[in-house]
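In what follows, a structure is listed as structure tokens, so that the remarks can point back to it.
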Amino acid sequence: MGLAFSKYHGLGNDFILVDNRHQSSPVLTPKQAMDLCDRNIGIGADGVIFALPGENGADYTMRIFNSDGSEPEMCGNGIRCMAKYLEALEAAADQPPTTPHSYQIHTLAGLIVPTLQTDGQITVDMGEPRLLAGEIPATLAHASEKIIDQPLMVADKTYQVTCISMGNPHCITFVEDTTTVPLAKIGPLFERHQAFPQRINAEFIEVVRPDYLKMLVWERGAGPTMACGTGACAALVATVLNGKCDRTATVELPGGPLKIEWSATNNHVYMTGPAVLVFTGEAAL
């Protein structure tokens with residue numbers, strides 16, 4: 001059995017995209033997705049994204065299996081890749097896209113709307129950040145309280161953290177220099193800390209200027225990645241809440257920059273960045 005796929009990346013965060021529009025459940029099992037994500041014996045990717053029929057009035061539905069087989073609620077870089085993939089699928093079906101062109105995509109984090117811009121960038125309305133401990137979820141405060149600059153003990157060291165949900169959970173720590181963060185050591189400890197019952201994405205942020213942040217990320221279910229779109233959004237919100245940056249800033253990740261805006265008008269977070277086709281093919285299953 002062969003599986004047609006396209007591989008895309010968003011700032012080095014790479015995904016296998018599968019046309020799943022003919023049925024409402026993923027055509028692969030989590031184990032099959034893990035095998036395809038393996039960089040030695042498979043295609044290699046941080047996750048597999050399935051483009052399914054729309055739910056609740058949306059144009060399409062997005063499901064993701066991480067490289068460890070787990071399923072996150074959403075992925076910011078992944079949804080930009082999915083928007084590019086959908087544009088290609090519609091063009092192949094003789095439905096020429098118009099630009100700027102938006103898609104309404106149903107996710108486990110709610111409705112997300114990416115817009116393909118005329119310059120090739122993709123702007124995603126990520127919705128409102130969720131700030132309460134019960135929404136993240138995290139046990140560092142009462143469920144109805146925010147977690148801003150709170151202490152967290154990890155490996156006998158206390159870190160001051162701020163926790164945000166962008167439909168998926170994030171723990172942000174400010175550091176003087178991202179190059180000194182022992183990510184491989186502490187990333188897994190943050191991810192699986194007992195304070196986070198659904199695990200956590202961990203971001204380490206260096207504030208260079210009020211309009212420019214540097215970020216390292218350890219992603220829940222994927223480990224260290226070149227970029228994390230929801231993480232960049234959470235990082236900007238956390239940095240604003242701590243009085244360290246403007247409501248619009250560039251977030252520099254190992255794979256490149258994202259522009260993030262937290263609107264004071266409607267409280268939505270907007271992410272702008274690229275998505276690039278790497279190759280297409282057919283995988284043996």
Side-chain angles (χ1 to χ4, degrees), residues 3-11 13-28 30 33 45-66 71-130 165-168 227-233 258-261 263 265-278 280:
L3 176 76
F5 71 90
S6 295
K7 182 172 178 178
Y8 284 77
H9 79 87
L11 300 181
N13 196 191
D14 57 342
F15 303 93
I16 299 163
L17 277 293
V18 177
D19 184 357
N20 210 125
R21 293 175 296 171
H22 60 288
Q23 67 181 58
S24 59
S25 59
V27 295
L28 300 177
D46 292 320
V48 179
I49 295 175
F50 305 91
L52 293 89
E55 297 180 29
N56 301 328
D59 300 319
Y60 298 97
T61 295
M62 176 187 191
R63 295 276 300 275
I64 316 169
F65 290 151
N66 283 326
E71 182 172 8
E73 299 86 351
M74 221 284 288
C75 175
N77 288 318
I79 205 161
R80 294 200 317 277
C81 292
M82 182 171 172
K84 279 284 192 182
Y85 181 60
L86 292 173
E87 182 182 55
L89 288 178
E90 291 187 354
D94 296 323
Q95 302 175 39
T98 59
T99 53
H101 180 64
S102 297
Y103 295 105
Q104 293 194 343
I105 299 177
H106 175 76
T107 76
L108 296 182
L111 184 68
I112 306 293
V113 183
T115 300
L116 292 99
Q117 306 290 355
T118 56
D119 62 358
Q121 296 284 294
I122 302 163
T123 298
V124 184
D125 181 348
M126 302 288 286
E128 298 186 59
R130 302 164 196 178
S165 173
M166 291 302 308
N168 58 353
C228 176
T230 56
C233 294
L258 290 171
K259 179 183 176 183
I260 310 295
E261 176 190 359
S263 172
T265 303
N266 64 5
N267 201 42
H268 285 216
V269 180
Y270 296 88
M271 169 189 63
T272 300
V276 178
L277 173 65
V278 182
T280 62

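In this chain, numbering begins with 1 at the start of the sequence shown. It should be emphasised that the depicted structure is a prediction, and the values quoted were computed from it without experimental measurement.
Here the straight-line distance linking atom CZ of F50 with atom OG1 of T61 works out to 13.5 Å at 0.5 Å rounding. Taking OH of Y60 as the start and CD1 of I79 as the end, the distance is 13.0 Å to the nearest 0.5 Å. From L258, atom CG reaches atom CD of Q121 across 9.0 Å, with rounding to the nearest 0.5 Å. From F15, atom CZ reaches atom NZ of K7 across 10.5 Å, with rounding to the nearest 0.5 Å. Distance check: N168 CG to C75 SG gives 8.0 Å after rounding to the nearest 0.5 Å. Between the CZ atom of R63 and the OG atom of S24 there is a distance of 9.0 Å, given to the nearest 0.5 Å.
Contact of the M82 side chain with the Y8 side chain is not registered, since no non-hydrogen atoms from C-beta on lie closer than 4.5 Å. Annotation: side chain of M62 is not in contact with side chain of Y103 (no heavy-atom distance under 4.5 Å). H106 places none of its side-chain heavy atoms less than 4.5 Å from the side chain of L52. With contacts defined as side-chain heavy-atom distances shorter than 4.5 Å, the pair T230/S165 does not qualify. Side-chain contact between R21 and L89 is present, with heavy atoms from C-beta onward closer than 4.5 Å.
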Query raised in the report: Can you list the steps and then say if K84 with L277 is a side-chain contact (heavy atoms from CB on, under 4.5 Å)?
Result: CA-CA 8 Å; K84 279 284 192 182; L277 173 65; over 6 Å; no

Requested in this report: Kindly determine whether D14 and V278 satisfy side-chain contact (heavy atoms from CB on, under 4.5 Å), including the steps that lead there.
Outcome: CA-CA 9 Å; D14 57 342; V278 182; 5.9 Å; no

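Across V18 and Y85, no two heavy atoms sit closer than the pair C-OH, 3.4 Å. Heavy atoms only, all atoms of each residue included: C228 and N13 are closest at CA-OD1, 4.3 Å. Annotation for G127 and M166: closest pair O-CE, 4.3 Å, computed over non-hydrogen atoms. Of all the heavy atoms in F5 and I16, the pair that sits closest is CB-CG2, 3.8 Å. Counting all heavy atoms, side chain and backbone alike, A51 lies closest to L86 at CB-CD2, 4.0 Å.
Applying the salt bridge (Lys or Arg N to Asp or Glu O under 4.0 Å) test to residues at least two apart or on different chains, none of the pairs has a partner in residues 112-130.
Distance alone, capped at 3.5 Å, is enough to place a donor-acceptor pair between the N77 side chain and the A227 backbone. Judged by distance alone, the side chain of D59 and the main-chain N or O of I105 form no donor-acceptor pair under 3.5 Å. In this structure a side-chain-to-backbone donor-acceptor pair under 3.5 Å is missing from E261 to S263. At distances below 3.5 Å, not a single donor-acceptor pair connects side-chain atoms of N66 with backbone N or O atoms of G47.
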Name the atoms and distances for all side-chain donor-acceptor pairs under 3.5 Å in residues 107-116, with sequence neighbours left out.
from : atom 1 : to   : atom 2 : distance (Å)
T107 : OG1    : A109 : N      : 3.0
T107 : OG1    : G110 : N      : 3.2
T107 : OG1    : G110 : O      : 2.7
T115 : OG1    : S102 : OG     : 2.6

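For the residue pair T123/T272, the side-chain donor-acceptor check at 3.5 Å is satisfied.
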